[in-house]
Amino acid sequence: MTGERCHMAIGLQSSGKSTYAAALWYVVDAGEVPTVLLKGKHIGDHRYLEVLAKRWEDGWRVPRTKTLQHENMTMNLKDPKDGVEIALTFADLSGETFEKAFATRSLSSTAASAFDGVENLMLFVSANDPRDDLTMIDLAIELEEDVDEEEIDEDGAEEKPFNPASTPRQVQIVDFLDSIQQPPLCVRVERIAVIVSAWDKGPEHNDPPRWLRETMGLLDQYLRNNGIEVRVYGVSAQGGDLPDKDNPPAADDSEGLKDQKRLLSLTKASERVEVVGHGAGKHDLTHPVRWLSGLERE
Ligand SMILES: Nc1nc2c(ncn2[C@@H]2O[C@H](COP(=O)(O)OP(=O)(O)OP(=O)(O)O)[C@@H](O)[C@H]2O)c(=O)[nH]1
Ligand SMILES: [Mg+2]
């Protein structure tokens with residue numbers, strides 16, 4: 001079995017897509033830890049990935065993907081079990097592109113063309129995002145019994161115009177997943193690997209499907225009822241909080257540099273990575289990719 005597997009990484013802004021791509025590239029390139037897929041043939045232009053991977057290796061956050069930046073990062077991977085070569089296109093589009101699509105109901109032709117030939121999706125959500133979907137009922141439960149009702153009325157009197165960007169993240173994601181499967185895009189998705197990024201900032205338990213069920217109930221229900229195979233992985237691709245190279249903290253800001261110091265002290269940078277779920281090796285970022293590629297056999 002040969003041929004190109006084409007997957008698309010999607011997710012709203014700051015959901016962890018570029019960090020995952022950078023770490024994945026580093027891990028397969030360095031070969032420091034066991035992975036189910038290995039680096040394949042050297043085909044294509046990897047310069048952008050190398051820039052991201054270098055930032056990651058040096059212990060800095062990867063830069064934000066700009067709206068106009070459209071980089072299809074192709075990674076060539078190989079399944080060592082039967083020697084199958086996989087050309088995996090990991091299209092990385094800005095999260096902003098997807099948020100704009102929700103607000104305007106239109107997608108630029110460049111962004112739309114990135115879906116040509118796409119088989120499966122990696123969907124990124126971050127365990128580090130605060131909840132943005134509390135209902136009136138949730139709020140009422142949270143309010144203390146002796147709260148001054150008049151004060152609430154006064155606050156409530158200030159009506160703000162509807163801003164589509166403030167729509168809860170999971171609503172935007174479900175809308176996006178549903179829209180790309182409709183005309184004119186008609187993307188046929190077989191599998192979705194949900195990557196819960198920044199898992200180091202996640203819950204006490206180590207159960208990513210539970211996190212999705214409890215934190216993003218709408219998305220969880222949508223994924224369960226669409227005839228799509230779904231897996232949920234928890235991934236810490238960065239391993240902690242890292243500073244921004246273009247805006248570094250002061251040298252004496254030990255708090256801001258604490259995680260960086262700890263992560264840089266590991267002899268193998270690949271060991272900063274943690275992957276949870278589906279029998280994945282502890283640092284194996286290729287595990288979801290192999291499953292998405294239909295290469296996980298009994
Ligand atoms: N603590 C922690 N933070 C992470 C991890 N992975 C990513 N982050 C942080 O999450 C933020 C977003 O990560 P990116 O990889 O830039 O996210 P993105 O989805 O590419 O974002 P856009 O380019 O804006 O669409 C950054 O501040 C990262 O430092 C992680 O494993 N742990
Ligand atoms: Mg990005």
Side-chain angles (χ1 to χ4, degrees), residues 7-17 19-20 93 95-103 105 107 120-145 147 152 156 160 162-182 185 187-238 274-280 287-288 291-292:
H7 311 302
M8 167 77 96
I10 63 167
L12 301 181
Q13 288 186 56
S14 295
S15 54
K17 303 178 293 295
T19 307
Y20 190 100
L93 294 172
E96 238 174 299
T97 307
F98 295 98
E99 278 159 55
K100 274 212 182 107
F102 177 79
R105 318 306 302 159
L107 196 61
N120 295 315
L121 299 176
M122 286 186 114
L123 170 64
F124 285 79
V125 291
S126 172
N128 201 21
D129 281 334
R131 286 200 76 151
D132 64 351
D133 57 355
L134 289 179
T135 64
M136 295 298 277
I137 297 168
D138 297 321
L139 283 177
I141 293 168
E142 281 197 4
L143 285 176
E144 309 255 337
E145 265 175 34
V147 94
I152 301 174
K160 287 188 184 155
F162 173 65
N163 174 11
S166 306
T167 307
R169 281 183 291 274
Q170 55 171 337
V171 176
Q172 297 192 47
I173 294 169
V174 167
D175 176 72
F176 194 84
L177 290 176
D178 211 52
S179 302
I180 60 167
Q181 293 175 76
Q182 312 289 335
L185 285 180
V187 177
R188 290 276 152 261
V189 183
E190 241 181 84
R191 299 186 193 95
I192 296 184
V194 179
I195 307 294
V196 185
S197 69
W199 190 247
D200 52 291
K201 295 282 182 186
E204 294 294 307
H205 62 77
N206 221 10
D207 183 350
R210 176 177 158 198
W211 180 90
L212 191 73
R213 201 169 55 242
E214 291 177 354
T215 320
M216 302 187 111
L218 173 74
L219 175 61
D220 183 59
Q221 285 182 44
Y222 177 82
L223 291 172
R224 280 165 193 262
N225 292 291
N226 247 283
I228 297 170
E229 276 186 76
V230 177
R231 272 191 176 181
V232 188
Y233 288 85
V235 172
S236 174
Q238 196 170 264
E274 277 205 43
V275 181
V276 175
H278 306 283
H287 202 274
W291 174 71
L292 273 186

### Summary
Taken to the nearest 0.5 Å, the spacing of Asp178 CG from Asn226 CG works out to 6.5 Å

### Query
Donor-acceptor pair, His278 side chain versus Val232 backbone, under 3.5 Å?
yes

#### Entry: Val276 and Trp211, any side-chain heavy atoms less than 4.5 Å apart
no

### Task
Would you mind reporting whether Asn206 and Trp199 have side-chain heavy atoms less than 4.5 Å apart?
yes

### Summary
Minimal heavy-atom distance between Ser179 and Arg105, with the atoms involved, is OG-NH2, 4.0 Å

### Message
Between Leu123 and Leu219, is there a side-chain heavy-atom distance shorter than 4.5 Å?
### Response
yes

### Heavy-atom closest contact (Gly16 atom, Ser197 atom, distance)
CA-OG, 4.0 Å

### Message
Testing the basics here: between Met122 and Ile195, what is the closest heavy-atom pair and its distance to 0.1 Å?
### Response
CE-CD1, 3.9 Å

### Message
Does any part of the side chain of Gln181, heavy atoms only, come nearer than 4.5 Å to the side chain of Ile228, both counted from C-beta?
### Response
yes

### Task
Run the salt-bridge test on Lys201 and Asp129 with the 4.0 Å N-O cut-off and return the result as yes or no.
no

### Message
On a heavy-atom basis, which atom in Leu121 and which in Leu292 lie closest, and how many Å separate them?
### Response
O-CD2, 3.6 Å

### Donor-acceptor pair, side chain of Gln172 and main chain of Thr167, under 3.5 angstrom
yes

### Query
Hey, does Leu107 have a side-chain heavy atom less than 4.5 Å from the side chain of Leu185?
yes

### Task
Would you indicate whether the side-chain heavy atoms of Asp133 and Val171 approach each other to under 4.5 Å?
no

### Summary
Arg210 meets the side chain to side chain contact (heavy atoms under 4.5 Å, CB included) criterion, sequence neighbours left out, with His205, Asp207, Arg213, Glu214

### Query
How far apart are the closest heavy atoms of Trp291 and Val230, and which atoms are they?
CH2-C, 3.9 Å

### Heavy-atom pair with the smallest gap, counting every atom of Ala103 and Pro164
CB-CB, 3.7 Å

### Query
Has the side chain of Asn120 got a donor or acceptor atom that lies under 3.5 Å from a matching backbone atom of Arg191?
yes

### Task
Would you give the length of the straight line joining atom CG of Asp132 to atom CD of Gln170, rounded to the nearest 0.5 angstrom?
8.0 Å

### ring-ring contact (aromatic ring centres under 6.0 Å, His included) partners for Phe102, two or more places apart
none

### Query
Heavy atoms, side chains only, cut-off 4.5 Å: are Val194 and Asp220 in contact?
no

### Query
Got His287 and Tyr233 here, is their nearest side-chain heavy-atom distance under 4.5 Å?
yes

### Task
Could you grab the distance from atom CD1 of Ile173 to atom CZ of Phe124, nearest 0.5 Å is fine?
12.0 Å

